[in-house]
Amino acid sequence: MKHIVSIDIGSTFTKGTLLIHKENEVLPGFKILSYRKVPTTTDHLAKGFFDILQSFCKEFNINQEDIEIYYSSSAKGGLNIVAIGIVPDLTLKIARITALSAGAKISASFSYKLSRKAIDSINTINPDIILFTGGTDGGNEEINIHNARMLEKLTIRPVVIYAGNEVISDKIQEILKDFRVIIAQNVLPEIDVMNPEDARSKIREIFLDTIIHGKGLDEISNRIGFMPDPTPFSVFEFVKSLPDSVEQIKKVIADVDLNLDPGIESITGIRSIKEYGLKNLKDNLSYDFKNFCLIDLGGATTDFYSNHKDTISDNNVIYKGLPEPIVKRTVEGDLGMRISSQAVVSTAREYIEKELFSCFKDEKEDSILDEFLAYIDKISKNPGYIVDFSGNNLKNESKENIYNKEVIFDRILASACILNAAIRHAGKYRKVYTSDKQMLVQTGKNLKKVRTIIGSGGYLSFMKDFTLTNFIDFGNVSNKNFEIDEISLLPEKIDYFRDDNYLIPIIANLSEKYPVESALLVLSNLIRV
Amino acid sequence: MHTIVLGVIGSDCHAVGNKILEKVFSDAGFKVVNLGVMVSQDEFINAAIETNAKAILVSSLYGQGELDCEGLREKCIERGLDKIILYVGGNLVVGKQDFDYVEKKFKDMGFDRVFKPDVDLIEVTKLLKDDIEQRFGNKDSK
Ligand code: B12
């Protein structure tokens, strides 16, 4: 029996869990022994980390040296990248996909030739990494060389990862000799071949050996000898590994009478799943976890992940643009429940007003809107604000059930974030009228046939009454857009699951080493609503 | 090796000729970036920029080539491809027009050469090599 600790250092909270790993079962599994959550101490990230670790040691009388430790961090702005490419729909697009899949935040992106103004703004942004792409192998040289000469004028010295036309990588290195330049394989070696993997792992390496020092994470890594991953990197790995793990679980479970320990008993801070965990697991295994989406709705951003291979079988559909990656992450900085709530209002004003006015039919439109905007003002200044939910029943948004308007305000915010994040993640059909018939041109990823959606994050995990299917009508969005000859390729029929206890980010840390165990625990803990 | 971009323009979905062109030009030693059917002007240009292509070979089979091709040269210049060679071929003659008239029209639009459907493609590969050398010089022909 091995003790394992997983800790996630978030921008507001540091969360940790102590588990034991059980080898001698039908399937190896985890059991959660303890869970802790403390505020993140931004000026000293190591504090929260070691507080949690030591409290586990004390509680269970174990030595720190005997524990296997995994951790991730998104504190202090996470991993901050500026992406550079030539054509927005080609190299720049893959540069962005690559950076996001590495768990980064993209603070700016630039296409074609960098201007003086662009250089000024990169200086101001002061990113951790510049991901410099452009050109297929043997392709465009001129623009990259121009861009390298411009980058040389920067007053800052971030790490540059060059993942463009490889023919000129020496030249680029020479021009940027004052920088630390890492050469990665071209993200677009040929016009229709995407190759984000090498650049992605280079980004991770840089994060581990350089950037964590600047964030004060080296104090942790020095003491425990382990490096953290950016939180979204871990979650990406989890999303990638889940289908295979579920496949393995199914195989074993098919011929053994299921007698597994669901992994969570009554622990402070965590809802026990002892009674229903096993049933959950059995039920959940009958749903599709080969193709699924995961939404991590946070206070500042909405992360949208999908794992789905989209194959086009319809003769009337023609795919345009770069092939979409099977596992994909997008992150929206203007969609979030607290810090970004002002931005949500400007992004989705029309939708929010419609929802507000239909929920509060008896009230004057102006006054309910004012109330809502005042609420937004309050929560954007107080990101830790939690709505008092007691006595309310969100399942039925009628006056009798809702005593606190803020419950509905939050619900509308959440719907607006999810809807817009989904639309931006998913692809589109555009109608094209050819001389003899109508065709559909597809760009981006088709999620129509994806059924499983997992909701995670503070709000989605703990708001038991939030059921995606009740509040969001993807079909309606698609059809509305279709009138203007465009249709969003959003899921048509949804099986929605809530990540109870908000376990995914913290279990995701373990999924690279323990994919099956992580999947077992997460699946027992997912509640279909 | 010279890179060239190939595709059928507009909402034209005739796919067969495009495959033949890909084969013939690859065999003749070009690096062919084939965008397939229903290719927009922007897609041609995007691909040509990233790959540093020397020429764009446009096909149009369904009779709307003139409309679809209009403005392509201007757009190329606008986006920094001022030297790129533009060829067009396929069913460009519609109704009772004669070929010379059609050829002139496409040349006025900025195409360097205009081809009939029954053109000898091997000849075209040779023409293209010459044209590239003339325009870009020998230094680029490695
Ligand atoms: C098969 C076919 C179809 C199939 C296409 C299937 C597919 N996905 O490929 C279907 C049934 C879908 C179809 C539909 C239509 N078709 Co049709 N189709 C044909 C047909 C019979 C054969 C085309 C073919 O494959 N030829 C064989 C290949 C090898 O030859 P190619 O395409 O001409 O290409 C060669 C040359 O043109 C040249 N070339 C081409 N491009 C270039 C570029 C350069 C730079 C160079 C150097 C050379 C070059 O080299 C190529 C290789 O040898 C032709 C008639 C014909 N015999 O050509 C009509 C034809 C092309 N179609 C025609 C029409 C009108 C249509 C429709 C509008 C409706 C209709 N009436 O059928 C729709 C349009 C759909 C659309 N959105 O594009 C007309 C076009 C008339 C015109 N241009 O004036 C044609 C000529 C028939 C006709 N005589 O009316 N069609």
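In what follows, chains are A, B, ... by sequence order, proteins preceding strands, each numbered from 1. Scope of the values below: all heavy atoms of this structure, side chains included, with no hydrogens, waters or symmetry mates.
- Remark: B:R113 CZ is packed, more than 12 non-hydrogen atoms of other residues, nucleotides or ligands lying under 6.0 Å away.
- Ion pairing between A:R116 and A:D120 holds under the 4.0 Å rule for side-chain N and carboxylate O.
- B:D112 has a carboxylate O that lies under 4.0 Å from a charged side-chain N of B:R73, or vice versa, which qualifies the two as a salt bridge.
- Inspection of non-hydrogen atoms places A:I143 of residues 143-152 of chain A under 4.5 Å from chain B.
- Between B:H2 and B:F30, the ring planes are tilted. Angles from 30° to 60° get that label.
- Salt bridge annotation for A:D198-A:K202: present, with a cationic side-chain nitrogen under 4.0 angstrom from a carboxylate oxygen.
- Partners of B:Y87 according to the ring pair (Phe, Tyr, Trp, His ring centres under 6.0 Å) rule, which considers only residues two or more places apart in sequence or in another chain, are B:F115.
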Step by step, work out the salt bridge (charged side-chain N to carboxylate O under 4.0 Å, His left out) result for A:K448 and A:D310.
-> CA-CA 10 Å; A:K448 273 157 114 44; A:D310 166 21; over 6 Å; no
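- Between B:E133 and B:K54 no salt bridge is recorded (no basic side-chain N to carboxylate O distance below 4.0 Å).
- Residue B:V5 does not touch chain A at all, counting heavy-atom pairs closer than 4.5 Å.
- Of the two parts of A:I318, only the side chain, counted from C-beta on, holds a non-hydrogen atom closer than 4.5 Å to a non-hydrogen atom of chain B.
- Within the structure, the side chain to side chain donor-acceptor pair (under 3.5 Å) test picks out the following pairs touching residues 17-36 of chain B (sequence neighbours left out): A:E190-B:K31, B:N18-B:N34, B:E22-B:N34, B:K23-B:D27.
- Atom CZ of residue A:R180 and atom CD1 of residue A:I129 lie 9.0 Å apart, to the nearest 0.5 angstrom.
- Using non-hydrogen atoms only and a strict 4.5 Å limit, the part of residues 44-52 of chain B facing chain A consists of B:N46, B:A47, B:I49, B:E50, B:T51, B:N52.
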